[in-house]
Amino acid sequence: MYANTASRPAPSALPVRADGPAHRPLPWLAAVAVVFVVVQLAVVVPGSTPSWDETVYLSQAGGSAPPAFFSAPRARGTSYLVAPVTVLTASVTFLRLYLAVLSATALVGALWVWRRLLPTPVLVCAGAFFAGLWPTLFYGSMAMPNLWCALGALAAAGWVARAVLGETGRAAPLGAGAAVAAVTLMRPADGMWLTLPLLLVAVRRPKMLAALAAGLLAGCAPWIAEAFAYHGGPVARLHRASEIQGGLGWNIAVDDQAKALEGRTLCRPCDIPWKRPGTTVWWAVLPFLTAGGVLVARRTGRGTVARVTTVTAGFLAVPYLFLIGYAAPRFLLPAYAVLAVPVAECVVYLFTRARRAGRPVGLAALALLVVGHLAVQLQVLSRVSASSHATGAEYAAVAGALHRAGVRPPCVVSGDQAVPIAYYAGCSSRQTTGHDASATPAEVRADARRVATAVLVAGEGGQPPPYARAWPRVVLADTRGSGTYTGYLAVPATAVPSRP
């Protein structure tokens, strides 16, 4: 009895790694990162073009078009992230390669924070689980904030867990503060939902509390400054952001998130038939794997790690499961990243127990389940990538037709899907209605007297706004998603650039 009691780690001390110096995690984590990059380069990157949201972020950072309107919910972190590339080249392939390698490196870095808390098999399994999800693979090379929030959340939780378990010195507070700042810079709301549980967990550690608060404020600073400059203050910006997101409040979006996992990057509205429920099996099993991982962690002296991860992941998931009325798989990436730790605890325990019990059938069954899960993720990834490539090709087709019709930079595009199409055409996007409204009809008419201007109408029966009805009508391109695009064009003679 006394021996068993003495073998348990003290609550205030970091747990002793049981795998010894021969099991160094870095080579294994590097192998996970290499596979992560290779799959992206093989499936996602070829033929890839910027998505709607990406065009907004890229245009802010010296992309191939003037800056698009930056609506209230957005934050500048993603634009800062891609700026080193966009100021040098407009190559989408180079951008994808840069982000794929950077995200893989950041994945290793976030997991490395946990190296003193987890055995190598658990650490590597956590990385493989998260890296193997199709939203992680799809957004690894995309100029979008959610994956970076996920990796920052994983790192922040690891630093806080180390501090709670007794690590002294400056590394843990500085690391946690920097991770929180990075998450908040990307998405201020995610930064807040990350900081709240970490503050609760670290409530008795003043240095950590100060670091977390400082990180949150530092990450919010650009968003707050911009709120005063362009949105009438933070409260007004929050109100407008809530309007754009459909009104934040009690909305159960659990079923919407489940439907979106079949391969929808955005499910808004999500009143659609559920065609592939099999793609959600892993999601349904996730709570049970998490619960199993918590039990295993408590038995092995890592109960504090389990508490930090589950509480943090729960907070990160709440707004996207219960407070908004639509879904996107990328929204839950921060929760998945943190939950990867208890999930890995459970999976490694099951494999270890089956191996030690000499049950080859059990090992084979577990291996088959893992392979099946990965096969489903790759199948969905392939389908999502193909759909994304097709949408980008349609934007490019409409932009090419605009160029042939004389709408070339400097130019203005308004109307249906104007934001991404304007980026592809190298034009400014100027919307008079909707979430991206940035001009009045009078201002668009004034633009049309100076530069080539196009108002886009998609689909049969669509009508241009009154101010553009007398402009020449040109059929631009037929698309799969939005039907036939028609442009109402105003091209002043002085605005038509000479052909090369």
Side-chain angles (χ1 to χ4, degrees), residues 50 52-60 62-74 226 229-232 236-237 240-241 243-244 394-479 481-500:
W52 177 315
D53 289 300
E54 284 188 292
T55 63
V56 177
Y57 294 120
L58 293 173
S59 68
Q60 313 300 315
S64 57
F69 176 71
F70 209 71
S71 62
R74 300 187 186 276
E226 194 172 69
Y230 302 110
H231 298 276
R237 186 172 189 179
R240 179 56 181 156
E243 288 181 344
I244 290 174
E394 291 173 355
Y395 293 154
V398 177
L402 286 173
H403 287 171
R404 291 189 294 273
V407 180
R408 305 187 199 93
C411 47
V412 170
V413 177
S414 185
D416 290 324
Q417 307 286 315
V419 173
I421 291 173
Y423 180 85
Y424 278 69
C427 304
S428 297
S429 59
R430 302 268 278 171
Q431 298 288 61
T432 59
T433 59
H435 300 158
D436 294 309
S438 59
T440 65
E443 288 172 334
V444 176
R445 287 197 302 268
D447 289 333
R449 290 191 289 268
R450 299 182 297 102
V451 297
T453 302
V455 174
L456 304 178
V457 176
E460 298 296 330
Q463 296 295 323
Y467 67 84
R469 286 176 184 168
W471 295 359
R473 177 180 179 273
V474 177
V475 176
L476 298 171
D478 291 322
T479 66
S482 302
T484 301
Y485 271 90
T486 301
Y488 291 80
L489 312 182
V491 184
T494 56
V496 180
S498 60
R499 295 182 181 274

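Excluded from the calculations below are hydrogen atoms, water molecules and symmetry mates; all remaining heavy atoms, backbone and side chain alike, are included.
The shortest heavy-atom contact between S71 and H435 is CB-O, 4.1 Å. Nearest heavy atoms, A65 versus A422: CB-O, 4.2 Å. Of all heavy-atom pairs spanning A236 and H231, the tightest one is CB-O, 3.1 Å.
Residues Y395 and Y423 are not in side-chain contact: their nearest non-hydrogen atoms beyond the backbone lie 4.5 Å or more apart. At a threshold of 4.5 Å between non-hydrogen side-chain atoms, the residues L402 and I421 count as touching. Taking 4.5 Å as the limit, every side-chain heavy atom of V412 sits out of range of all side-chain heavy atoms of R450. Residues H403 and P409 have side chains in contact (heavy-atom distance under 4.5 Å, counting atoms from C-beta outward).
Checking D478 against T484 by side-chain atom types alone, a donor-acceptor pair falls below 3.5 Å. There is a side-chain donor-acceptor pair under 3.5 Å between Q431 and S414.
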Hey, mind stepping through L456 and L476 against side-chain contact (heavy atoms from CB on, under 4.5 Å) and telling me if it holds? CA-CA 9 Å; L456 304 178; L476 298 171; 3.6 Å; yes
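With rounding to the nearest 0.5 Å, the separation of CD in Q463 from OG1 in T486 is 10.0 Å.
A cation-pi arrangement, defined by a distance under 6.0 Å to the six-membered ring centre and an angle within 45 degrees of its axis, is present between R74 and Y57.
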